[in-house]
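Here is the structure we will look at.
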Amino acid sequence: STSVSFILDLGNMVYSGDRANYKVLINKIKRIKEPFIAIPGSRDLSDEGYGNYRQTFGSYDYSAGVGNTFFIMMDDANGELSDQQLNWLSNELRYSSMYSHRIVAMNVPPSWMGVEGMKLERDVSEKLKKILETHNVDLMISTGSKPTTGLSSSIRYALVGGDGYLKVTVDGARIFVETRELNSSKSKFERTMEAVSIYLYSLLILQWPSIGIIGSGILIIWFLWERYKIIFEIEKKEDTKK
């Protein structure tokens with residue numbers, strides 16, 4: 001059988017949804033060899049991000065069959081799932097009976113996953129659980145503070161967050177979920193400074209280029225001033241010694 005692999009990002013890929021940040025994101029995605037798909041987070045849809053996200057990734061809610069597994073990706077970035085979305089989910093799962101496995105992914109987790117912070121309302125979470133149980137969904141994936149796995153009633157779930165990721169492998173009749181940490185030689189300070197520099201680049205250079213140019217000019221002038229001031233002081237001291 002042919003092995004198929006892809007990367008699924010659960011959202012909040014950019015600092016804000018303006019076009020400049022999406023340009024930075026697109027350049028990063030181009031370096032990835034595997035197919036890359038995503039669902040939106042709240043930051044991805046802010047600052048006119050709805051249009052930029054759709055232009056980059058397409059639909060907010062969508063499904064795809066890969067081998068013997070049916071994947072459903074849903075947009076709940078605003079912390080809600082509408083009745084229309086829940087009806088769509090039920091229909092998609094009903095039509096997925098020809099597949100051996102069903103996996104559902106969304107950004108904001110339901111309340112029964114026991115996560116802290118933003119989560120779906122309890123009544124919506126219970127409606128979602130009933131749909132997942134009715135159609136024998138094998139795995140529910142969402143976001144949390146760190147990678148972890150668990151079981152709520154008959155629903156197996158996995159959370160991804162922090163400096164980690166999930167590796168989900170479908171092998172015949174079984175689904176294996178591994179929680180892994182990102183391997184990076186960079187320190188936490190270096191990663192923070194890298195994130196800040198990317199944000200400033202997207203904000204000052206791409207979004208407001210005139211401010212970026214002025215700021216860069218000031219930095220260059222300051223650098224030259226400091227450099228030649230030091231040289232002048234050194235030469236002055238040498239002349240004094242003579």
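The structure displayed is predicted, hence computed values, not measured ones.
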Point to revise | Rounded distance [0.5 Å steps], CE in Met98 versus CG in Asn68 | key: 13.0 Å
Study note, to complete from the structure: From the list Ile103, Leu89, Leu93, side chain to side chain contact (heavy atoms under 4.5 Å, CB included) partner of Val137 resolves to Leu93
**Study point:** Side-chain touch Lys127/Asp83, heavy atoms, less than 4.5 angstrom
**Key:** yes
Practice item. Decide side chain to side chain contact (heavy atoms under 4.5 Å, CB included) for Tyr157 and Ile141; before the verdict, give the C-alpha distance in whole Å, the side-chain angles of both, and the deciding distance to 0.1 Å. Key: CA-CA 6 Å; Tyr157 65 84; Ile141 304 175; over 6 Å; no
Review point. Do Arg102 and Ile72 have side chains that get closer than 4.5 Å, going by heavy atoms?
Key: no
Review point. Is a donor on one side and an acceptor on the other found under 3.5 Å between the side chain of Asp76 and the backbone of Asn107?
Key: yes
**Study point:** Residues that Ser145 engages under side chain to side chain contact (heavy atoms under 4.5 Å, CB included), provided they are two or more places apart
**Key:** none
Enumerate, atom names and distances included, each donor-acceptor pair closer than 3.5 Å involving a side-chain atom of residues 109-121, sequence neighbours excluded.
| from | atom 1 | to | atom 2 | distance (Å) |
| --- | --- | --- | --- | --- |
| Ser111 | OG | Ser125 | OG | 3.2 |
| Trp112 | NE1 | Ser125 | O | 2.9 |
| Lys119 | NZ | Val115 | O | 3.2 |

Practice item. Could you state whether Tyr22 and Tyr60 fall into the same hydrophobic cluster, counting links through intermediate Ile, Leu, Val, Met, Phe, Trp or Tyr residues with side-chain heavy atoms under 4.5 angstrom apart? Key: yes
Check your understanding: Hey, any chance Tyr99 and Phe71 share a hydrophobic cluster, counting ILVMFWY side chains that come within less than 4.5 Å of each other, even indirectly?
Key -> no
Check your understanding: Sequence neighbours excluded, which residues qualify as salt bridge (Lys or Arg N to Asp or Glu O under 4.0 Å) partners of Glu133?
Key -> none
Review point. From Leu25 CG over to Asp9 CG, what is the distance, rounded to the nearest 0.5 angstrom?
Key: 8.0 Å
Point to revise | Minimum side-chain heavy-atom gap Trp88-Met74 below 4.5 Å | key: yes
Revision key, fill the gap. Closest heavy-atom pair, Val108 versus Ala77, reported as atoms and distance to 0.1 Å, is CG2-O, 4.2 Å
Point to revise | Residues that Arg156 engages under side chain to side chain contact (heavy atoms under 4.5 Å, CB included), provided they are two or more places apart | key: Leu139, Leu151, Ile175, Val177
Review point. Out of curiosity, does Ile7 fall in the hydrophobic cluster containing Phe57 (side-chain heavy atoms, cut-off under 4.5 Å, transitive links)?
Key: yes
Check your understanding: Do you see a donor-acceptor pair shorter than 3.5 Å between the side chains of Ser63 and Glu92?
Key -> yes
Check your understanding: Do Ser90 side-chain atoms and Leu86 backbone N/O form a donor-acceptor pair below 3.5 Å?
Key -> yes
Review point. So, does Ser142 use its side chain to make a donor-acceptor pair with the main chain of Met106 at under 3.5 Å?
Key: yes
Practice item. Indicate the atoms forming the closest heavy-atom contact of Arg19 with Thr56, along with that distance. Key: NH1-OG1, 3.6 Å
Practice item. Report yes or no: does Asp44 contribute a side-chain atom to a donor-acceptor pair with the main-chain N or O of Val14 at less than 3.5 Å? Key: yes
Practice item. For residues Val160 and Thr148, determine if any side-chain heavy atom of one lies less than 4.5 Å from a side-chain heavy atom of the other. Key: no
Review point. Do Asn27 and Lys30 come within less than 4.5 Å of each other through their side chains, counting heavy atoms only?
Key: yes
Exercise for review: Using only heavy-atom distances, determine whether the side chains of Asp18 and Ser16 contain a donor-acceptor pair under 3.5 Å.
Suggested key: yes
Review point. Does any donor atom in the side chain of Ser152 or Lys129 lie under 3.5 Å from an acceptor atom in the other side chain?
Key: yes
**Study point:** All side-chain hydrogen bond (donor to acceptor under 3.5 Å, both in side chains) counterparts of Asn91, not counting sequence neighbours
**Key:** Arg94
Review point. Are Pro40 and Met13 side-chain neighbours, meaning at least one heavy-atom pair lies under 4.5 Å?
Key: no
Study note, to complete from the structure: Residues Gly164 and Pro147: closest non-hydrogen pair is CA-CG, 3.5 Å
**Study point:** Those residues that, when tested against Glu178, pass side-chain hydrogen bond (donor to acceptor under 3.5 Å, both in side chains) (two or more places apart)
**Key:** Arg180
Exercise for review: Without swapping roles, check the side chain of Glu126 against the backbone of Asp123 for a donor-acceptor pair under 3.5 Å.
Suggested key: no
Exercise for review: Kindly check if the number of other-residue, nucleotide or ligand heavy atoms within 6.0 Å of CZ (Arg122) is above 12?
Suggested key: no
Check your understanding: Rounded to the nearest 0.5 Å, what separation is found between the NZ atom of Lys167 and the CZ atom of Phe176?
Key -> 11.0 Å
Practice item. Is it possible for you to say whether Val124 and Leu132 belong to one hydrophobic cluster, with membership spreading through side-chain heavy-atom contacts below 4.5 Å? Key: yes
Practice item. Please round to the nearest 0.5 Å and tell me the distance separating atom OG of Ser59 and atom OH of Tyr53. Key: 9.0 Å
Check your understanding: With a 4.5 Å heavy-atom cut-off, do Lys130 and Leu128 have their side chains touching?
Key -> no
Practice item. Report yes if the distance between the aromatic ring centroids of Phe36 and Phe6 is under 6.0 Å, otherwise no. Key: no
Exercise for review: Look up atom CG in Asn52 and atom CG in Asn21, then write down how far apart they are to the nearest 0.5 Å.
Suggested key: 9.5 Å
Point to revise | Single-linkage hydrophobic cluster Val4~Leu8, side-chain heavy atoms < 4.5 angstrom | key: yes
Practice item. Measure the CG-CG distance between Leu166 and Leu10 for me, rounded to the nearest 0.5 Å. Key: 8.0 Å
Check your understanding: Yes or no on side chain to side chain contact (heavy atoms under 4.5 Å, CB included) for Val170 and Val66, after CA distance, side-chain angles and deciding distance?
Key -> CA-CA 10 Å; Val170 180; Val66 181; over 6 Å; no
Exercise for review: State, with a plain yes or no, whether a side-chain heavy atom of Tyr62 is found less than 4.5 Å away from one of Ile37.
Suggested key: yes
